[in-house]
There are 2 protein chains.
Amino acid sequence: MRRMTARPANAHQSRLLKLLRDGGPHSRAQLGDRVDLSRSKLAVEVDRLLETGLVVADGLAASRGGRRSHNVRLHPGLRFLGVDIGATSVDVAVTNAELEILGHLNQPMDVREGPVAVFEQVLEMAGKLKATGLAEGFDGAGVGVPGPVRFPEGVPVAPPIMPGWDGFPVREALSQELGCPVMVDNDVNLMAMGEQHAGVARPVADYLCVKIGTGIGCGIVVGGRVHRGTTGSAGDIGHIQAVPDGRPCACGNRGCLEAHFSGAALARDAVEAARQGLSADLAARLEANGTLTAVDVAAAAAAGDATALDLIRAGGTQVGQVIAGLVSFFNPGLVVIGGGVTGLGHTLLAAIRTQVYRQSLPLATRNLPIVLGELGPTAGVIGGARLISDHLFAPA
Amino acid sequence: MRRMTARPANAHQSRLLKLLRDGGPHSRAQLGDRVDLSRSKLAVEVDRLLETGLVVADGLAASRGGRRSHNVRLHPGLRFLGVDIGATSVDVAVTNAELEILGHLNQPMDVREGPVAVFEQVLEMAGKLKATGLAEGFDGAGVGVPGPVRFPEGVPVAPPIMPGWDGFPVREALSQELGCPVMVDNDVNLMAMGEQHAGVARPVADYLCVKIGTGIGCGIVVGGRVHRGTTGSAGDIGHIQAVPDGRPCACGNRGCLEAHFSGAALARDAVEAARQGLSADLAARLEANGTLTAVDVAAAAAAGDATALDLIRAGGTQVGQVIAGLVSFFNPGLVVIGGGVTGLGHTLLAAIRTQVYRQSLPLATRNLPIVLGELGPTAGVIGGARLISDHLFAPA
DNA sequence: ACGGCTTTCTCCATTCACAGGACAAAGCTC
DNA sequence: GAGCTTTGTCCTGTGAATGGAGAAAGCCGT
């Protein structure tokens, strides 16, 4: 198909497109139940959407005791690309208009190689997905990068862990290469949108989404919308002080949360523990691989290694301490923990919970669920698809 | 006049009322410049507002080189009541429809006496204001209380420093007594709204408003709107841990910010310093009054007393530490410091600034002003008037 | 004083948005 | 097949809104 060019002409059409995106095919009657328009007006707007080609007829539905309804749905050929650039790997996925993942690729990679090398990689992966026949082209792409972004322009700003990206016109460059509209955001915000769209955060308006991977970040959702802050750095909690006069951090300060707990810090601590002979299990893994990662620690913990469990608990307590403060401050309705370290699972979660429930205001924790994200590595790419579809489905 | 009963019938009218509130009298042409409506439609809506009585003609304006314009303004008889209940005193003020303060009373009082005693006081003060002829009655009242509030119902919930208020139907009770609509909110949120309406925060969409009085709280403004959180306790930063294993706090935890710095903590520390003979100045003041308050410390500091200055600096550093974390997290465009301790002035502010600029993410502090509130004790009452007028001027 | 120019405001005709009723189409159940 | 239900279309009436014509009321220069 030729790529999507039309845009909803008004708020009604925008609303209808989002209903079809989030709920799949609907009959006009079903749409009418959810949209507070007269049937006649609704029919007019649906007809206009059919004219644009964004929406197509989808056959007859089963009868519910009367005339059978004619379903409509978003064009089945629409394709969105979700790109989640992490510190050490990229995820690229194609979705249909309902944001269901049709194909998903993951590849190790180092962001520090710079935007040109990374995007070469991304374009190649996108090409592979096309080659499988899942897509002929893309109607839009949502891209996450591991650092702050000037959102309106889609440009990373002063990203600490990705030198060489500062000011690179990601949005423009990718839009050119892919030949479709592109939106760029922080990877943590993408995860927050993903969990909100298809994960644990579906019913919640105000929530926090803490992503613990190589670094630590926090997606902030206020009234259903992501809060990005004045310079796009909102949620950057990795450099909040967790330990007064604690460990030196790459940022120049001491005691930053990230310096004490994150994928990188955990791996480093595990190596040290292994060298000190505190854990035979970790030492064996170190021997075998030459290095350790958070995954090794998770495996050791799962096998019952006390040192690994202690490391995870200590880390969870540190994170919990910071989250406790944020919970008192922000009073969310839900806290989601996600990112690479979700493999650490319930040991980590329990430590975080204990600390938050102990230290936050009782009123703020009274009914506060703290849970693991349920989408894993797909959260980011779904969030990307969601980001661009929100943009494309916004009223003109 | 009989009290305001009409409400704007649509979003246009609501918009117009707010323009007249915030900008004083306007001609139709001036309104047209700001509202994106055709002149004819605008005239229709203005005429309707004139019919309701909310808006009245206000004579001819000077010519600007052509026909003179007929101004319209909000009814000059409209009166809002702003009530700011603090831990140790109440502020009550009357404003006109433009939220200008016409009369303002302040009275020492102890919230712990409970809602009945406090409202007796408030009603008496409102009566006094009426007796001066400033108002014949009130069209609405906005009330701030020093604790979390279930906002839609206007009911305090689990307020730590005000036992006896939990669940008291403040909104309903006051509405009954005053015979007008009432809205209730946290006092810190009121201050944030006040500074946003008439103070330093006018141009900013996302900002934090830290109020340091008997306790410590923080108003959170996201996209121009106050964020209250899921249970109404957002911004309650007094019990964030500032010092690991620090001083015991009334809440049962240790090291809470409030336990280390607040009006109450500062007074306590000053007494102790005086008793230990660290400061002749403070000792003399203690001798004279039998007790010390933050005001005494401010006076001693102004007189150059080193101990007082140290206390303030130490406190500012503690608050700054917590604010630094919040700034990294929230990435505001402005931080306002207000409340009873603003008398401590630039010594406090300097300590806070130093700490925040040192410890927050550079990107988040790059262009971050940290300033004292400019409205002082009127911020709360103006915020109250603003709260209720926003409510009354909302589309039906 | 008097025309030209500007600004403000009103009036009117036309277009568009939308609701809601009438009605047709298409199914179910008995 | 009768009667009922559900779905979808058509049509008309109403109010929202635009934009142009023009009147009212001021300015300024000659």
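Each chain gets a letter, A, B and so on, in the order its sequence line appears, and its residues count up from 1. Since we're looking at a predicted model, the values are computed, not measured.
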On DNA chain C, compare the nucleotides closest to B:Ser27 and A:Arg48; which residue's is nearer the 5' end?
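Looking at the nearest nucleotide for each, B:Ser27 comes out on the 5' side.
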Pairing residues for B:Arg34 by the side chain to side chain contact (heavy atoms under 4.5 Å, CB included) criterion, not counting sequence neighbours
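Counting only residues at least two positions away or on another chain, B:Arg34 forms a side chain to side chain contact (heavy atoms under 4.5 Å, CB included) with B:Leu19, B:His26.
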Partner residues of B:Arg202 under the salt bridge (charged side-chain N to carboxylate O under 4.0 Å, His left out) criterion, sequence neighbours left out
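Counting only residues at least two positions away or on another chain, B:Arg202 forms a salt bridge (charged side-chain N to carboxylate O under 4.0 Å, His left out) with B:Glu374.
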Who are the salt bridge (charged side-chain N to carboxylate O under 4.0 Å, His left out) partners of B:Asp58, not counting sequence neighbours?
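Residues passing salt bridge (charged side-chain N to carboxylate O under 4.0 Å, His left out) with B:Asp58: none at all.
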Which residues satisfy the side-chain hydrogen bond (donor to acceptor under 3.5 Å, both in side chains) test with [X], sequence neighbours excluded?
X	answer
B:Glu153	B:Arg150
A:Asn189	A:Asp185
B:Arg79	none

Span of DNA chain D in contact with chain B (heavy atoms, under 4.0 Å)
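Listing 5' to 3', DNA chain D meets chain B from D:dA16 to D:dC27.
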Distances for protein N or O near nucleotides 26-30 of chain C N or O, under 3.5 Å:
{"unit_1": "C:dA26", "atom_1": "N3", "unit_2": "A:Arg67", "atom_2": "N", "d": "3.3"}

Length of the NE2-C1' vector between B:His26 and C:dT8, whole Å
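Checked: the NE2 to C1' distance equals 16 Å.
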Name every donor-acceptor pair, under 3.5 Å, that has one atom in a side chain of residues 65-72 of chain A and the other anywhere in the protein, sequence neighbours excluded.
{"unit_1": "A:Arg68", "atom_1": "NE", "unit_2": "A:Ala61", "atom_2": "O", "d": "3.0"}
{"unit_1": "A:Asn71", "atom_1": "OD1", "unit_2": "A:Ser27", "atom_2": "N", "d": "3.2"}

Name each donor-acceptor pair under 3.5 Å that joins a side chain in residues 37-47 of chain A to protein atoms two or more places apart or in another chain, with its distance.
{"unit_1": "A:Ser38", "atom_1": "OG", "unit_2": "A:Ser40", "atom_2": "OG", "d": "3.3"}
{"unit_1": "A:Ser38", "atom_1": "OG", "unit_2": "A:Lys41", "atom_2": "N", "d": "3.2"}
{"unit_1": "A:Lys41", "atom_1": "NZ", "unit_2": "A:Glu45", "atom_2": "OE2", "d": "2.7"}
{"unit_1": "A:Glu45", "atom_1": "OE1", "unit_2": "A:Asn10", "atom_2": "ND2", "d": "3.4"}
{"unit_1": "A:Glu45", "atom_1": "OE1", "unit_2": "A:Gln13", "atom_2": "NE2", "d": "2.8"}
{"unit_1": "A:Glu45", "atom_1": "OE2", "unit_2": "A:Asn10", "atom_2": "ND2", "d": "3.2"}
{"unit_1": "A:Asp47", "atom_1": "OD1", "unit_2": "A:Arg28", "atom_2": "NH2", "d": "3.1"}

Please list, chain by chain and in numerical order, all residues satisfying ring-ring contact (aromatic ring centres under 6.0 Å, His included) with B:Phe330, sequence neighbours excluded.
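With neighbours one apart ignored, the set is A:His227.
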Using a cutoff of under 3.5 Å, can you pull out all pairs of nitrogen or oxygen atoms linking the protein to nucleotides 18-21 of chain C, with atom names and distances?
{"unit_1": "C:dC18", "atom_1": "OP1", "unit_2": "A:His12", "atom_2": "NE2", "d": "3.1"}
{"unit_1": "C:dC18", "atom_1": "OP2", "unit_2": "A:His12", "atom_2": "NE2", "d": "3.4"}
{"unit_1": "C:dC18", "atom_1": "OP2", "unit_2": "A:Lys41", "atom_2": "NZ", "d": "2.9"}
{"unit_1": "C:dA19", "atom_1": "OP2", "unit_2": "A:Ser38", "atom_2": "N", "d": "2.8"}
{"unit_1": "C:dA19", "atom_1": "OP2", "unit_2": "A:Ser38", "atom_2": "OG", "d": "3.1"}
{"unit_1": "C:dA19", "atom_1": "N7", "unit_2": "A:Ser40", "atom_2": "OG", "d": "3.4"}
{"unit_1": "C:dG20", "atom_1": "N7", "unit_2": "A:Ser40", "atom_2": "OG", "d": "3.1"}
{"unit_1": "C:dG20", "atom_1": "O6", "unit_2": "A:Ser40", "atom_2": "OG", "d": "2.4"}

Charged N to carboxylate O under 4.0 angstrom, B:Asp390 versus B:Arg225?
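Answer for the salt bridge query: no.
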